[in-house]
Q: 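Next up is a structure, given as structure tokens.
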Amino acid sequence: MEYNFRAIEAKWQQYWADNKSFKTVDDFSKPKFYCLDMFPYPSGAGLHVGHPEGYTATDIICRYKRSKGFNVLHPMGWDAFGLPAEQYAIQTGTHPATTTQRNCDNFRRQIQSLGLSYDWDREINTTDPDYFKWTQWIFTKLYGTWFDAALGKGRPISELTIPEEIKSVGLAAVRNFVDQKRLAYYGEAQVWYCRNCKTVCANEEVLNDGSHEKCGTKEVERRFLKQWMLRIPHYAERLLEGLDGLDWPEGVKEMQRNWIGRSTGAEVDFKLAGLDKQLRVYTTRPDTLFGATYMVIAPEHELVAAITTDDQKKAVEQYITHAALKSDLDRTDLAKVKSGVFTGRYAINPLNGKEIPVWVADYVLMGYGTGAIMAVPAHDERDFEFAKTYDLPVVCILDPQERTTPENRSKVLAGDACWSEDGVYINSANPEMGIQLNGLTKEEGIKQVTEWLEKAGLGKATVNYKLRDWLFSRQRYWGEPFPVIHWEDGEISLLDEMELPLRLPEVEKYQPGETGESPLSNAGEWLTVTDKQGRKGRRETNTMPQWAGSCWYYLRFIDPRNENEPFAKAKENYWMPVDLYVGGAEHAVLHLLYSRFWHKVLFDLGIVSTNEPFQKLFNQGMILAFAYETASGSKVPSDQVHEKEGKYYHLETGEELHQIVAKMSKSLKNVVNPDDVVEKFGADSLRLYEMFIGPLDATKPWTENGVKGVYNFLRRVATFFGEPGNLTLTEESKETLKALHQTLKKVGEDIEEMKFNTAISQMMMFTNHCYKVGKVTPETANTFYQVLAPFAPHLAEELWSLNGNQGSIGICPWPQFVPAYLTEEVVEYPVSFNGKVRFKLELPVGLSVAEIESSVLESDLAKKWLEGLSVAKMIVVPGKIVNVVVK
RNA sequence: GCCCGGGUGGCGGAAUUGGUAGACGCGCUGGACUCAAAAUCCAGUGAUAGCAAUAUCGUGCGGGUUCGAUUCCCGCCCCGGGUACCA
């Protein structure tokens, strides 16, 4: 048979569509397998070869699981809100919905051309009002939930007890109290604002170098704006604990842990000399309190004005104004030299009563801990640098002893070097206060000081998290509108479920306002509302960020056409959690953390039945491409390069070029379009190559020659098995049965472990075997087709039907592997002398160690290597190796 | 700086409860087929020496443990990703 992949693939894709072969039914009696791809943002550029990598992997697993008897849920949809469509609208006036529709159609066509077994009846789109109705609904749930710290869970706001003293103050106080507790709140937030995009951006979008992730400019600055925020830090502990039970890559879990950033320490109150106020600091090292020689408060700290003395007022005010203009970049990276100013005030060290100066410095951040620190320059690098800059005293209280060099130790003891590791306390006792640390080490010191502080009422053990409130609004058009009304009297109300979805209004221009307000502020009629009492209100003009839609889409796939609820409880109960979630590592922290947060809230409210949404996570690696650069390192577009005898030259200048591996990019002209690959080699070849190129989680370069290699394999399969004369054997040979069942075993195991590259190489070996023996039985062929089917489903279906089988190959149970076919009668032992393999010796299976020893020593081959030497020892590992130690 | 990955033929990569390094594929070489070429099929292919049998070397570098190390331990080098004063 000629391998006419175009005809074969068209035929079977039609067959699957006509027969709805991959439709998932909610048959609760079967074991379920929910396999999810991270749904794409349908960009105008279409699919790139990175998309099919993850999609093919999940498709193989799904097809395999179906034939193993699982009820498989394998859906696809579109994360279609987002900036590019809006940007295009600003430029051309085309409604983002139009652009989005077009892009989705293109993506669907491309994905369908790959023969992926999605249930297209479950397709969802985050921009569809029937979908975002429920995104808005979940937002109202967040708004209506508070976190009960005592129970460690979220509860409906109706279950919040309002203290009598608040009630007595009045309605506004009650409202204020409740708002303080909600998981979603509307508040003044100091946020990043990008002058270029005219939008607010999340902290996470502002890169370390002070540029905006989305647009790349450095036009970002800090502004105060009214924003919707989510209190994700309330769930910090739950999000941290939840990680332990998940089958996720360790690296991703570690990144999430670091992002949450839990630390334990103590809050300590310092009295201020001549001021009836206390300064509270957070420290992870209360044990170093004896070494605190000054204090620092953040420029934004509320006590700055009160603390500053008249003499220093001017200098401090100047410093604060200056610091406010700085971006985080200036405050961190560039500030190798720390800056600060003395407030004129002294604080009193509670352990020894000594007065220490209070400084203002921007290396202390208001957003973490209490915004104030006690500085222990001898044992903290940052404090040490600051102390050296401003010539503040450095008192060593922790002797490194033998933990460092004698030279460094004496520097540390003299206060000329910083030591932040463990040591033995010195100068750390105050008998009057009943505290004595000298001679102890760090762990014990922290414990004792914390206990002492708590007893003395000067402080308490505290846990802190780096995780900050999640800024949840954007000044954009193309996002979910908030179901929120701001009334003229200052009240905020949310729409009822009956009033959802709140659709986007038509607007004339998509340009954000100069002040950064959303395009929705131009939406005329839509904008204003009046209630039954005649009270006027204005709708929220912000929209939700792109994260919103992707935070819960895995739940909607369970019941995507449900008009009455986000999903039916019974179905959710059956399908959740997602058994396997595959996508890029770029979502390791944000998307996965936000999703987990929403999920936990929904869990606490009894809306979902699992504590965590994604049981197993797998990150596919990036697919790169070869690129070329000159000796000086400048890049040369691929169409300017020509190859000669394995070397590369510039087409015009003739200069020899160096081949490198780089991300695919338009400028390098090394982008591979899946459509072209499908056209030239077929979908099965594309699928197979993406899996064969290397381990799924590795970063690897694309080569067209590699595609040719797997195409070759498929062609050889088609040629051999498509020839009826090759399938005429009536009884299968032992060797072929062995090769077949080895393949069956290896491929099954490799799919379970997601090691697709080695599974494919095993199938290649089997095919090579078939060419060698020339003929196999039709039964052998059938079994092989089934093994091949998850990987190259079109060709497998074709050969399957050609061999006289009815119906789709996908519905047949996975063939049973028979271990008996793999048993060996002889073992070929590599025989080593002093660890060097000298010859191979074939021996029957099942010999005792003594028998193997004597067989080896008696063999003619061994004589040569034993000449003039005596055997000191023999190592025999039955079935593996023999090593003779000679002297 | 810190954290996490990773360094194996000309190339992508296999193989690690320590047990025949280089499976499979690409490329290359030779042969068959052909008037010829392409395609295909068959064979070979880590390096060095040798006609060959074979020998020596060989998994980033230097040590160590072991009968035996790509695999374990110690110390380095290089590459990729993440991160940034979190007290």
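Residue numbering restarts at 1 for every chain, and letters A, B, ... go by the order of the sequence lines. From a predicted model like this one, the values you see are computed outputs, not experimental measurements.
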Q: Distance criterion of 3.5 Å, no angle test: do you see the side chain of A:K880 paired donor-to-acceptor with the base of B:U20?
A: no
Q: Could you state the CG-P distance from A:D380 to B:C85, rounded to the nearest angstrom?
A: 13 Å
Q: Considering only side-chain heavy atoms of A:Y368, which listed nucleotide, B:A87, B:G13, B:C67, is closest?
A: B:A87
Q: In Watson-Crick or G-U wobble terms, both distances under 3.5 Å, what is the partner of B:A39?
A: none
Q: For the pair made of CZ in A:R716 and C1' in B:U40, what is the distance, rounded to whole Å?
A: 10 Å
Q: If the plane angle is over 60° it's perpendicular, under 30° parallel, otherwise tilted; pick one for A:Y390 and A:F386.
A: tilted
Q: Compute both the distance and the angle, then confirm whether A:R716 meets the cation-pi test with A:Y771: under 6.0 Å from the six-membered ring centre, within 45 degrees of the axis.
A: yes
Q: Report yes if a donor N or O on one partner sits less than 3.5 Å from an acceptor N or O on the other, where the partners are the side chain of A:K708 and the base of B:C26; otherwise report no.
A: no
Q: Rounded to the nearest angstrom, tell me the gap between atom OH in A:Y465 and atom P in B:A87.
A: 13 Å
Q: For the pair made of CD in A:E853 and C1' in B:C67, what is the distance, rounded to whole Å?
A: 13 Å
Q: Any strand counts, and the cut-off is 3.5 Å on both contacts for Watson-Crick or G-U wobble. Which nucleotide pairs with B:C51?
A: none
Q: Using purine N1 to pyrimidine N3 plus N6-O4 or O6-N4 for Watson-Crick, or N1-O2 and O6-N3 for G-U wobble, each under 3.5 Å, what pairs with B:C11?
A: B:G25
Q: For B:G9, does the O4'-C1'-N9-C4 or O4'-C1'-N1-C2 angle fall within 90° of 0, making it syn, or is it anti?
A: syn
Q: Picking from B:C85, B:A23, B:U20, which would you name as closest to the side chain of A:K338?
A: B:C85
Q: Do A:M1 and A:T719 touch side chain to side chain, with heavy atoms closer than 4.5 Å?
A: no
Q: Answer with yes or no after comparing the ring centroid distance for A:Y689 and A:W702 against a 6.0 Å cut-off, counting only values under it.
A: yes
Q: What's the closest nucleotide to the side chain of A:N705 if the choices are B:C26, B:U20, B:C41?
A: B:C26
Q: Could you check which of B:U20, B:C85, B:A87 has an atom nearest any side-chain atom of A:E828?
A: B:U20
Q: Closest nucleotide of RNA chain B for A:R715 versus for A:V710: which of these residues is on the 5' side?
A: A:V710
Q: Side chain of A:N712: nearest nucleotide among B:G82, B:C26, B:C24?
A: B:C26
Q: Provide, to the nearest angstrom, the distance between the CG atom belonging to A:N883 and the C1' atom belonging to B:G19.
A: 9 Å
Q: If you only use heavy atoms from C-beta on, which nucleotide in B:G12, B:U40, B:U20 is closest to the side chain of A:F692?
A: B:G12
Q: In whole Å, I'd like the distance from the CD atom of A:E749 to the C1' atom of B:A23.
A: 16 Å
Q: Which listed nucleotide (B:C24, B:A55, B:C41) is nearest to the side chain of A:M764?
A: B:C24
Q: When you measure from the side chain of A:N757 to the backbone of A:I693, do you find a donor-acceptor pair of N or O atoms at a distance under 3.5 Å?
A: no
Q: If I take atom CG in residue A:N757 and atom P in nucleotide B:A14, what distance separates them, rounded to the nearest angstrom?
A: 5 Å
Q: Check this for me: does any side-chain nitrogen of one of A:E735 and A:K772 sit under 4.0 Å from a carboxylate oxygen of the other?
A: no
Q: For B:U66, does OP1 or OP2 lie under 4.0 Å from any side-chain N or O of A:K873?
A: no
Q: Side chain of A:T283, heavy atoms from C-beta onward: which of B:A14, B:A43, B:A87 has the nearest atom to it?
A: B:A87
Q: Could you let me know what B:U83 is paired to, Watson-Crick or G-U wobble, both distances under 3.5 Å, or none if it's on its own?
A: B:G1
Q: Using the side-chain heavy atoms of A:M765, tell me which of these nucleotides is nearest: B:A15, B:A23, B:A87.
A: B:A23
Q: Please state whether the phosphate of B:A23, meaning OP1 or OP2, lies under 4.0 angstrom from any side-chain nitrogen or oxygen of A:T758.
A: no
Q: Out of B:G25, B:G12, B:U20, which has the shortest distance to the side chain of A:V837?
A: B:U20
Q: Between P on B:C26 and CZ on A:F681, what's the gap in Å once rounded to a whole number?
A: 12 Å
